[in-house]
Amino acid sequence: MDTTLLIMAAGIGSRFGGGIKQLEPVDDQNHIIMDYSIHDAIEAGFNQVIFVIRRDIEKEFREVIGNRIEAVCSARGVRVDYAFQALEQIPAPLPEGRTKPWGTGQAVLAAKEKIASPFVIINADDYYGKEGFAAVHQYLVSGGTACMAGFVLKNTLSDHGGVTRGLCRMDGEGRLTEVAETKNIRKTETGAEADGVPVDPDALVSMNMWGLTPAFLEELEQGFEEFFRVEVPQNPLKAEFLIPVFIGKLLAQNRLTVQVLKTHDVWYGMTYREDVAAVRESFRAMREKGIYRSDLYADL
């Protein structure tokens, strides 16, 4: 069965280098986090990669990332496509003065015509680990319709400040009932807390890794149209159409069932500039343990 890796990368800046976190090398071979996600997805069985980017950065993106990934994927029978997210891709006139992107929901819809198989959504600048990709792929090829990789909270925290995480609430069968966005979660000596309130460090959280099918895109498109009818008029300059929020609405209306797939891997991201050294050290340790090779794609 064909399966697709959808990478949301439209947030990359138009000038490469100079502190753009998605392009920060994490090893001595100048691989970036995105390289590791693509490696893990191919290893799990995904055979299409779609980059969602902005049209104005296409040339630079291909030069810095895309051409290299296309060569890697072509040699392994993996298709690479591009989709372009734009402020004007909306079912209504563009509100005057709007410059803020419309959010992750619109990013996925930008790739709608390129998606013909079950797919996993990830952020360009997050490291998810092998277990999540393997679990989501297995779920999708087994006929599942919607799932989410659930990360253990303590495996997603930064040593350098508070983070926002979506705490998952589930029923007895491990099906998602709610994602509760919780801000300013920090490590403590005994676990974690948010603004002084203890948070279970072993709770599962959403890191925006969703497994879905093309049928979901029809729901998403209808949701985007409703978003413009209901929410944009109330906040035309800042309203965002976000995948977790939309899925939360579908759950509340019993229109979608999402299975939570627990993963024990440590999530890495570069929320703070100080995170870079720790992330590089983590990848070095994984290579030493044989989890990855220095010639990253040689084992595929």
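Everything quoted here is computed from the prediction, not taken from an experiment.
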- Check whether the side chains of Asp265 and Trp267 place a donor and an acceptor atom closer than 3.5 Å, and report yes or no. no
- Query: Tell me, do Glu178 and Leu251 make a side-chain contact under 4.5 Å, heavy atoms counted?
  - Reply: no
- Kindly write out the residues that satisfy salt bridge (Lys or Arg N to Asp or Glu O under 4.0 Å) with Arg186, not counting sequence neighbours, or none if the list is empty. none
- If we only count heavy atoms from C-beta on, is the Val108 to Leu220 side-chain gap below 4.5 Å? yes
- Message: Tell me whether Asp295 is salt-bridged to Arg293, with the criterion being a basic N under 4.0 Å from an acidic carboxylate O.
- Response: no
- Residue pairs, two or more places apart or on separate chains, that pass salt bridge (Lys or Arg N to Asp or Glu O under 4.0 Å) and touch residues 210-220: Lys112-Glu218, Glu219-Arg255
- Message: Measuring only between side-chain heavy atoms, which start at C-beta, is Pro118 closer than 4.5 Å to Leu212?
- Response: no
- Quick one: are the ring centres of Tyr128 and Tyr36 less than 6.0 Å apart? no
- About how many Å separate CH2 of Trp210 and OG1 of Thr104, when rounded to the nearest 0.5 Å? 9.5 Å
- Non-neighbouring partners of Asp126 that pass salt bridge (Lys or Arg N to Asp or Glu O under 4.0 Å), sequence neighbours left out: none
- Message: Let me confirm one number: the OG1-CZ distance from Thr257 to Arg175, rounded to the nearest 0.5 Å.
- Response: 6.5 Å
- Say you draw a straight line from CD1 of Ile50 to CG of Asp81; how long is it, rounded to the nearest 0.5 Å? 5.5 Å
- Message: Once side-chain hydrogen bond (donor to acceptor under 3.5 Å, both in side chains) is applied, do any residues pair with Asp159, and if so which ones, sequence neighbours excluded?
- Response: Lys187
- Item | Test item: Tyr127 and Met34 side chains (from C-beta on) under 4.5 Å apart, heavy atoms | no
- Item | Short side-chain to backbone donor-acceptor contact, Ser142 and Gly144, under 3.5 Å | no
- State, yes or no, whether a side-chain contact exists between Ile32 and Ile65 at a heavy-atom distance under 4.5 Å. yes
- Message: What's the separation between atom CE in Met209 and atom CD1 in Ile121, rounded to the nearest 0.5 Å?
- Response: 11.0 Å
- Within the side chain of Arg165, is there an N or O that forms a donor-acceptor pair under 3.5 Å with the backbone of Ile185? no
- Task: May I ask you to decide if Ala180's main-chain N or O and Thr182's side chain share a donor-acceptor pair within less than 3.5 Å?
- Result: yes
- Item | Those residues that, when tested against Arg284, pass salt bridge (Lys or Arg N to Asp or Glu O under 4.0 Å) (two or more places apart) | Glu281, Glu288
- Got a second to check how far Phe151's CZ is from Thr263's OG1, nearest 0.5 Å? 5.0 Å
- So, Asn123 side chain and Asp125 main chain: donor-acceptor pair closer than 3.5 Å or not? no
- Item | Shared hydrophobic cluster for Ile122 and Leu217 (ILVMFWY, side-chain gaps under 4.5 Å) | no
- Query: Phe133 vs Phe46 aromatic rings, parallel, tilted or perpendicular, using cut-offs 30° and 60°?
  - Reply: perpendicular
- Short side-chain donor-acceptor distance under 3.5 Å, Asn155 and Tyr268: no
- Query: Hey, are the side chains of Glu173 and Gln259 touching, using non-hydrogen atoms and a 4.5 Å cut-off?
  - Reply: no
- Note on the structure: ring-ring contact (aromatic ring centres under 6.0 Å, His included) filter on Tyr297, not counting sequence neighbours, yields none
- Sorted by chain and residue number, the salt bridge (Lys or Arg N to Asp or Glu O under 4.0 Å) partners of Glu193 (sequence neighbours excluded) come out as none
- Presence of salt bridge, Asp2 and Arg79, under 4.0 angstrom: no
- Considering only heavy atoms from C-beta outward, does the side chain of Leu300 approach that of Glu43 to under 4.5 Å? yes
- Got a sec, which residues hit side-chain hydrogen bond (donor to acceptor under 3.5 Å, both in side chains) with Arg68, two or more places apart in sequence or on another chain? Asp35
- Task: First locate atom CG of Leu6, then atom CZ of Phe119, and finally report the distance between them rounded to the nearest 0.5 Å.
- Result: 6.5 Å
- Message: Testing the 3.5 Å rule here: is there a donor-acceptor pair between the side chains of Thr3 and Ser117?
- Response: no
- Are the side chain of Arg287 and the backbone N or O of Tyr292 linked by a donor-acceptor pair below 3.5 Å? no
Result block: side-chain N/O donor-acceptor pairs under 3.5 angstrom for residues 82-100, not counting sequence neighbours:
residue, atom, partner, partner atom, Å
Tyr82, OH, Glu70, OE2, 3.1
Gln85, NE2, Gly103, O, 3.4
Gln85, NE2, Gln106, OE1, 3.0
Gln89, OE1, Ala86, N, 3.0
Gln89, NE2, Phe84, O, 2.7
Arg98, NE, Lys100, O, 2.8
Arg98, NH1, Pro236, O, 3.2
Arg98, NH1, Leu237, O, 3.3
Arg98, NH1, Ala239, O, 3.0
Arg98, NH2, Lys100, O, 3.2
Arg98, NH2, Pro101, O, 3.0
Arg98, NH2, Ala239, O, 2.8

- Task: Name all residues meeting the side-chain hydrogen bond (donor to acceptor under 3.5 Å, both in side chains) criterion together with Asp202; count only those two or more places apart in sequence or in a different chain, and write none if there are none.
- Result: Lys154
Donor-acceptor contacts under 3.5 Å from residues 225-232 side chains, at least two apart:
residue, atom, partner, partner atom, Å
Glu231, OE2, Lys249, NZ, 2.6

- With a cutoff of under 4.5 Å between side-chain heavy atoms, which Ile, Leu, Val, Met, Phe, Trp and Tyr residues group with Val245? Leu242
- Query: Would you say Ile7 and Val52 make side-chain contact, with heavy atoms under 4.5 Å?
  - Reply: no
